[in-house]
Amino acid sequence: MTTTRRDLAPRYDAAAVEPAIYDRWLEADAFRPADEPPPGAEPFVIIQPPPNVTGALHLGHALTAFVEDILIRHHRMRGDDTLWLPGVDHASIAAQFVLDRILAEEGESRASLGRDRYLERMWQFMDATRDVIGVQHRRLGASLDWSRLRFTMDEGSARAVRVAFKRLWDAGLAYRGEALVNWCPRCRTTISDLENIKHEETGTLWSVRYHLARPDGTPDPDAWITVATTRPETIFGDTAVAVHPDDDRYRGLVGREAIIPFVDRRVPIIADEHVERDFGTGAVKITPAHDFDDYEVGQRHGLPMVTVLDEDARLTDAATGFAGLDRHEARPRIVDALRAAGDLEDERPHQMVIGRCDRCGTVVEPRLSVQWFVRVGPLAERALASVREGRTRILPAHFEKVYAHWMENIHDWAVGRQLWWGHRIPAWYCPDGHITVTDAQAGPDACATCGRPAAELAQETDIFDTWFSSGLWPFSTLGWPDETPDLARFYPTQVMETAYEILFFWVARMMMLGLFLTDREPFHTVYLHGIVRDPTGSKMSKTRGNVVDPLEMIDEVGADALRVALVSGNAPGVDQRLTPSKVTGGRNFTNKVWNAARFVIGARPDPLVEGPAEAGLAERWIRSRLADATARATRALETLDVAGYAATVHEFAWSDYCDWFLEMVKVDLRRTDASEADRARAWLVAAEVLGDLLRLLHPLMPFVSEAIWEPLGEAAPTATRGEPLLIRAAWPQPGERDPDTERDMAALTDLVRSVRDQRTAAGVPAGAWLPLHVVPAGPAEGDRIAAGARYLEPLARVRPLHLAAGPVARPPTASSTSLGTFWLGADPAAADAAAARAAAHRSGLRAQAERLRALLGNAAFSERAPADVVARERARLADLEAQLAALGDDAS
RNA sequence: GGGCGAUUGGCUCAGUCGGUUAGAGCGCACGGUUCACAUCCGUGAGGUCACUGGUUCGAAUCCAGUAUCGCCCACCA
């Protein structure tokens, strides 16, 4: 019988193996679900959070892809109707930011090109960059169904956006209105609250005299009210001065008028609870068009709103003498002018919170404008109920509180953006001011209100916030609004896995829109992962220069190693530090698995003569351990405990399979007294368990496991059960545990470890063979030692083994395990340390026995603790006492 | 200002339903050319589980408070 035996390299060479394996998966079309769902199969669907089209792969993408790929591969192997759908997000503001920079280098700009040419240019840019992120995901080993790749700017998404907005409009949940919004003067667009990032900064608090108006309306040079402000450049927009109604200092001034500097406008002095008496001077200027608080005060008091800053945050003509100046230039000049006029009373540094644009860092300006909003109240209520009532759960669970808190305090969503790259809002205006919203691609035929023909209507120029189309992602990708087969088959999805950072941006919006538009929760579980930080715990950022490029890491150690590093020991929702030692650990593990397989495949007896053979201790033990590992790994994956899964397979592979089992297999393969059938059996067990181990490992290290699979199958067809590709192989069913065998093995390995400890203590050369004397604790123990002797001898490197029957004089180096008392026939000169170790061992036993006696002697314990707990402790004490007695210790 | 979370060996992190010897990897010490792997093997040291109080026969685990750190949200100009 001849077999093709592959020569595997002594080291796992990721760079050589991984791309070839990925190509094999692609050739086999292994990522795509079957055309028809397998009968009785449960769907398991993850829609990939679409990475930004402009972004390069970072560790966050890698973590996302790894966690999702692990879940997907597991379910695919279980035979579920599994779909993992990839996508790319058009990222309007981010994409414009990038393109604008490129254009600037070419001496062009948004303005110089105009909307149509700009968008043309954007599409060219898209064509050039759109595939990059996908190609990068392939290097991670992501088993995404590329045949279903979607883009948030494709026609499917565009249609979904139009239909979604039309439904919101028809339901009265979309409206247009004037309001104060966050405006980024550099991006020249509205941004949402979430994109307005608050920073603690030191500014200046100025106290400025506003002179009171005399009856004739002129300023009284001798009477004034002093207001505190951090924004003197908005003085021109002041339409009131406010004080607290209970503030005695100003009681007499309420109802009088103050004169705004420079513009000499008379404004009322009003009383409003919003004013903090203890802050500043207790009097505040009210600028309704440039401050969210003041806006509300203005509403309450019916104050006029004067806009003094334009789209570029330059002072408008309302700013007499300062018009045209940028807000930052204007500020010091205005302060100077006030000082010159003698109206600047005070100037002091002030800690304050400043909002800056998430994208460009520019100070955000509250700006009065007419905008499109989504009324989120009713949407949020449903989205909140879904989580409260458990129809969608969030992992880790404490984020449910965060989610609820946000949903309860949610503000209407300003969905319009004054940008060009994105989905244009499908609203048309007629000259009479009517609004027509349609989901027809070609636009409306006529004004819905007055019937004016389409030619007289003008479409809204604003586009949607990127997150509007993202909010439709779980169903727009499956064909919604059409009732497509994919939508019926795969929606709602199972797991939404993403970074906790975008819980509000994205997850909340998908919940709200999904429930409104499809009447179903778009996913059953939200799995949030944390941020990958640098080894010191800092967030990775380009400016800090501490960014780790996953692709470089993969070049170095391989994708599987990076995957192990990122998912091991990482709980959901918790930030992690990626250290070099974690990456090295991942690499070492891939290499360990590779080499274990190399050994097994290379150790195949030739010829392999199968025949009747008995299941030995090693075989029974490893099968039992495998059953345990399979059950635990499966359970961990079912509960989305990815780190627990990784830890389980790591421990089983390294400790059980490699450290103990393979060492025992070596013994069995080299036995001279064994039959060929016995050797064949020992090897086949090793190969078959390796097969199941590879199945368990596959989601964690898909490349290595797949690379080994084929050569293993060639050497041992029963190990792979004829399944050609591991990615499509069946997930193992947990077998039966064998507690007796596990106990026997635990006792044996305990003895091996104790002997090794004695050897180390005695300074015995590692290679030396020593006689071992054992006095078994009883006849049963003696039988167990005899049964395990063939492993005990080589693993502990002891020979010969003396099993004493009766009482024998014990040397001071004697130590004990549950199997009995033992000592080594070592050179007496080297035995001092061993004797000390043995003495320490005895005193440890004594201390434990002491503790247990105290516990069991406590009536409260024996009476109140559960019977099984008491019995267990009793048994432990009995065992300890037996060991002590066998060592000649009478302390009991 | 409100909310959420964390605190476990030198480091990074696990720790199930409360059960009496708290685990892992890295690091450290010692020993190793045992024919899969030195990206390895073996052995060992190292923790009063942040602190205080409570519940309990029993607390890293449950409760209350304190301290420190971190994050999120928020309209004191």
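In what follows, every heavy atom counts, from backbone to side chain, and hydrogens, waters and symmetry copies are set aside. In what follows, chains are A, B, ... by sequence order, proteins preceding strands, each numbered from 1.
- Closest to the side chain of Leu194(A), from the set rU20(B), rC73(B), rC4(B), is rC73(B).
- Nearer to the 5' terminus of RNA chain B, by closest-nucleotide assignment, is the contact made by Leu662(A) (compared with the other of Leu662(A) and Val284(A)).
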Treat a base pair as Watson-Crick or G-U wobble with both distances under 3.5 Å, then lay out RNA chain B in dot-bracket form, 5' to 3', with | for cross-strand pairs. (((((((..((((.....[...)))).(((((.......))))).....(((((..]....))))))))))))....

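- If you take OG1 on Thr281(A) and CD on Glu345(A), they are separated by 8.0 Å, rounding to the nearest 0.5 Å.
- Of the candidate nucleotides rC73(B), rA77(B), rC13(B), rA77(B) has the atom nearest to the side chain of Glu276(A).
- As a whole-Å value, the separation of Arg842(A) CZ from rU21(B) C1' is 19 Å.
- In this structure, a donor-acceptor pair under 3.5 Å is present between the side chains of Asp534(A) and Thr536(A).
- For Asp294(A) and rC76(B), the CG to P distance is 12 Å, given to the nearest whole Å.
- Under the 3.5 Å distance criterion, with hydrogens and angles disregarded, a donor-acceptor pair is assigned to the side chains of His841(A) and Ser816(A).
- To the nearest 0.5 Å, atom CZ of residue Phe652(A) and atom CG of residue Asp656(A) are 6.0 Å apart.
- When the C1' atom of rC35(B) is taken as reference, atom CZ of Arg604(A) falls 20 Å away, rounded to whole Å.
- Between rG3(B) and rG25(B), the two C1' atoms lie 35 Å apart (nearest whole Å).
- For the P atoms, the distance from rG53(B) to rG58(B) is 16 Å, rounded to whole Å.
- Atom pair Lys666(A):NZ and rC37(B):C1' shows a separation of 9 Å (rounding to whole Å applied).
- Atom-to-atom, CD of Glu663(A) to P of rU34(B) comes out at 12 Å; the value is rounded to the nearest Å.
- Side chain of Ala228(A), nearest nucleotide from rA36(B), rA77(B), rG32(B): rA77(B).
- Nucleic acid contact for Arg231(A): none, since no nucleic acid atom lies under 4.0 Å from a heavy atom of the residue.
- Rounded to the nearest Å, the gap between the C1' atom of rG19(B) and that of rC62(B) is 14 Å.
- Spacing between atom CE of Met407(A) and atom P of rG3(B) amounts to 21 Å, rounded to whole angstrom units.
- Arg577(A) places its CZ atom 19 Å from the P atom of rC26(B), with the value rounded to the nearest Å.
- As judged by a 4.0 angstrom heavy-atom cut-off over every strand, Asn858(A) is placed among residues touching the sugar-phosphate backbone only.
- Ion pairing of Glu638(A) with Arg635(A) is absent here, as no side-chain N (NZ or NE/NH1/NH2) approaches a carboxylate O to less than 4.0 Å.
- Taking the P atom of each, rA59(B) and rC49(B) are spaced 11 Å apart, rounded to whole Å.
- Among the protein residues, Ala847(A) comes within range of no part of the nucleic acid, since none of its heavy atoms lies under 4.0 Å from any strand.
- For the pair Tyr657(A) OH and rA36(B) C1', the computed distance is 11 Å after rounding to whole Å.
- For the P atoms, the distance linking rU48(B) with rA22(B) amounts to 12 Å, nearest Å.
- With rounding to the nearest 0.5 Å, the separation of CD in Glu273(A) from CG in Asp246(A) is 6.5 Å.
- Across all strands shown, Trp654(A) has heavy atoms under 4.0 Å from sugar-phosphate atoms exclusively, and none from any base.
- A gap of 30 Å separates the P atoms of rG27(B) and rC71(B), to the nearest Å.
- Residue Arg598(A) is in sugar-phosphate contact alone, with no base atom involved, counting any heavy-atom pair closer than 4.0 Å across all strands shown.
- Although no hydrogens or angles enter the test, the distance criterion places no donor-acceptor pair under 3.5 Å between the side chain of Trp594(A) and the main chain of Ser705(A).
- Nucleic acid contact class of Asn409(A) (heavy atoms, under 4.0 Å, all strands): none.
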Full working for ring-ring contact (aromatic ring centres under 6.0 Å, His included) between His650(A) and Phe589(A): CA-CA 8 Å; His650(A) 181 275; Phe589(A) 187 30; 4.5 Å; yes

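- Residues Lys198(A) and Pro10(A) both approach RNA chain B. Their nearest nucleotides, taken by heavy-atom distance, put Pro10(A) toward the 5′ side.
- Rounded to whole Å, the separation between the C1' atoms of rG10(B) and rA29(B) comes to 14 Å.
- Nucleotides rG9(B) and rG54(B), compared at atom P, are 25 Å apart to the nearest Å.
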